[in-house]
Each structure stands twice: as structure tokens, then as C-alpha cells.
Amino acid sequence: MSASAERGRRPVELRRLGTADAEPYRAFRLAALRETPTAFTSSHAEEAGKPLSATLRRLAEAEDGPGALIGAFDGAGALVGTAGLKVPTRGQERHKGTLYGMAVARSAAGRGIGRALVDEVLHTAAQDGRLRQVLLTVSEGNEPALRLYTASGFEVWGREPRAVLVDGRAVAKLHMVRLLDAEPTAEARRR
């Protein structure tokens, strides 16, 4: 799979990440965890302490499917965004996937890369054939991400208080769902 999206002045290529992308993916992920610690359930310190083999395992799992880990690359070939789709293997949960690891480099913000990544994850989910919904969590107060997900047809279905503690500060997570067999709401279509 390879998709290209023209955003801003320079093209952005979307493609599945694999084990060959381990070093740039690890560097990108660590930067995202450092820059926006409340957006993720993993911490920079925890992930920085893991060997590259842990990143290789994560990429191999995504590469083998079901699911995928999508990367956005700028015109110079630098990784500037990621989003993943994790799919359970247990039969009674196989109908739902989870969007995870969504991040866009600050240097690439405002170019529509986040929307392109979410669209690609939803396209991947729809192509799966067995998935009926995609779930995600977003940190309460992260309004740009909440707007992006709402515009992509996700709806809030719950709120988990104190979902993560970041440097002793409690951060709530909003749980969202996008039903794949339903039309986006009128509000989502307007955005």
C-alpha cells in the first residue's frame, strides 16, 4: 500500500511501516512522547529504556497484520507522522480495531497530515472486511485531536477520569468510536 497526499506545498507519502523503518520510527515515537507526554499512555522514559528489538517486534506485528502501522513521509523522505490500527485476534473481539500511536511532527502541523493518516487507518479498517468499528482514546483538553477525530466520524462514548498520570498530574481520556457500517453524522460531514 502506498498513497500520496498533496498537503501544503510539498507532497506527503503514506505507506505501511515495516521492520526496515525501525530506527526512524523509534526516533519519531520518542520525540512525540517527549513533546506531548499527556497524549500517550506510554512515557518517554519507559520507551527510551527499551532496546531497538522492542521496536522491531512492534513493527513486525503490524507488518504481519491484521492491522497496520502507517507512516507519513515528507518530500525529503523524513517520517513526519504515524497512526496505527491494532486488531484483536480473539474471535469475539475481531470486529473492532483500535487507532493508536497517532502523532504528527510539529514541523509538519497544519498540512492535513493527521487527517490523511486517520483516513488511511479507516480505509485499512474498511478493507479488512471483518471490522465493524474503530475505537480510540484522546486526552481530554487536546482540542485539535478531538476536532480531527470528530470530523472523521468518531463519537465520544465515555470518559475515563485519571486515565494516566503524567508527572503526578491526572489526565482524563475520552473514549471514541467510529462505526464502519454507519454513515458519518451530519456534524462530521460539515467539518
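Please read these numbers as outputs of a predicted model, since none were measured by experiment. Side chains included, hydrogens not; waters and symmetry mates left out as well; all remaining heavy atoms used.
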Suppose clustering is done on Ile, Leu, Val, Met, Phe, Trp and Tyr with side-chain heavy atoms closer than 4.5 Å. Which residues sit in the same group as Val171? Val164, Val166

Once rounded to the nearest 0.5 Å, what's the spacing between atom CG of Leu79 and atom CD of Glu23? 13.0 Å

Are any of the side-chain nitrogens in Arg159 or Glu140 under 4.0 Å away from the carboxylate oxygens of its partner? yes

My understanding is that only residues two or more places apart in sequence, or in another chain, count here; which of them pass side chain to side chain contact (heavy atoms under 4.5 Å, CB included) with Ala27? none

Report the distance from atom CG of Leu136 to atom CZ of Phe154, rounding to the nearest 0.5 Å. 4.5 Å

Are the side chains of Leu85 and Leu122 in touch, meaning some heavy atoms are under 4.5 Å apart? no

side-chain hydrogen bond (donor to acceptor under 3.5 Å, both in side chains) partners for Glu46, two or more places apart: Ser43

I'd like to check the side-chain hydrogen bond (donor to acceptor under 3.5 Å, both in side chains) partners of Thr137; sequence neighbours left out, ordered by chain and number. none

If you look at every heavy atom in Leu131 and Gly97, which pair is closest and at what distance? CD2-N, 3.7 Å

For the residue pair His175 and Trp157, categorise the inter-ring angle as parallel (less than 30°), tilted (30 to 60°) or perpendicular (more than 60°). tilted

Set of side chain to side chain contact (heavy atoms under 4.5 Å, CB included) partners for Thr55, sequence neighbours left out: Ala22, Tyr25, Arg26, Leu52, Leu59

For Arg162 versus Ala170, what's the shortest heavy-atom pair and its separation? CG-CB, 3.4 Å

I need the single residue from Leu99, Thr82, Val104 that forms a side chain to side chain contact (heavy atoms under 4.5 Å, CB included) with Leu117. Which is it? Val104

Can you give the donor-acceptor pairs under 3.5 Å from side chains of residues 30-42 to other protein atoms, not counting sequence neighbours?
from: Arg34; atom 1: NH1; to: His44; atom 2: NE2; distance (Å): 3.4
from: Thr36; atom 1: OG1; to: Ala32; atom 2: O; distance (Å): 2.9
from: Ser42; atom 1: OG; to: Arg29; atom 2: NH2; distance (Å): 3.4

Pro144: partners by side chain to side chain contact (heavy atoms under 4.5 Å, CB included), with sequence neighbours left out: Asn142, Arg147

Applying salt bridge (charged side-chain N to carboxylate O under 4.0 Å, His left out), which residue pairs with at least one partner in residues 55-72 are found, sequence neighbours left out? none

So, for Thr150 and Met176, which heavy atoms are closest and what is the spacing to 0.1 Å? OG1-CE, 3.8 Å

Could you pull out the closest heavy-atom pair between Met102 and Gly114, with the gap in Å? CE-CA, 3.2 Å

Hey, could you give me the CG/CD distance between Leu148 and Glu143, rounded to the nearest 0.5 Å? 12.5 Å

Arg132 meets the salt bridge (Lys or Arg N to Asp or Glu O under 4.0 Å) criterion, sequence neighbours left out, with none

Minimum heavy-atom separation for Ala125 to Val134, with atom names? CB-CG2, 3.7 Å

With side-chain contact (heavy atoms from CB on, under 4.5 Å) as the test, would you mind laying out the steps for Phe73 and Val80 before giving the verdict? CA-CA 6 Å; Phe73 294 85; Val80 295; 6.0 Å; no

At what distance, to the nearest 0.5 angstrom, does CG of Leu14 lie from CD1 of Ile70? 7.5 Å

Using the rule that Ile, Leu, Val, Met, Phe, Trp and Tyr join whenever any side-chain heavy atoms are under 4.5 Å apart, tell me whether Val156 and Leu180 fall into a single cluster. yes

Look at the side chain of Arg178 and the backbone N and O of Glu155, then say whether any donor-acceptor pair between them is shorter than 3.5 Å. no

Check side-chain hydrogen bond (donor to acceptor under 3.5 Å, both in side chains) between Lys86 and all other residues, then give those that pass, not counting sequence neighbours. none

Which salt bridge (charged side-chain N to carboxylate O under 4.0 Å, His left out) pairs, counting each pair once, include a residue from residues 87-99, with sequence neighbours left out? Arg90-Glu93, Glu93-Lys96, Arg94-Asp128

Intermediate values then yes/no, salt bridge (charged side-chain N to carboxylate O under 4.0 Å, His left out), Arg16 and Asp21: CA-CA 10 Å; Arg16 287 180 187 246; Asp21 300 300; over 6 Å; no

What closest approach, in Å, do Gly71 and Leu17 show between heavy atoms, and which atom pair accounts for it? N-CG, 3.7 Å

Checking Gln127 now: which residues fulfil side chain to side chain contact (heavy atoms under 4.5 Å, CB included) with it, not counting sequence neighbours? His123

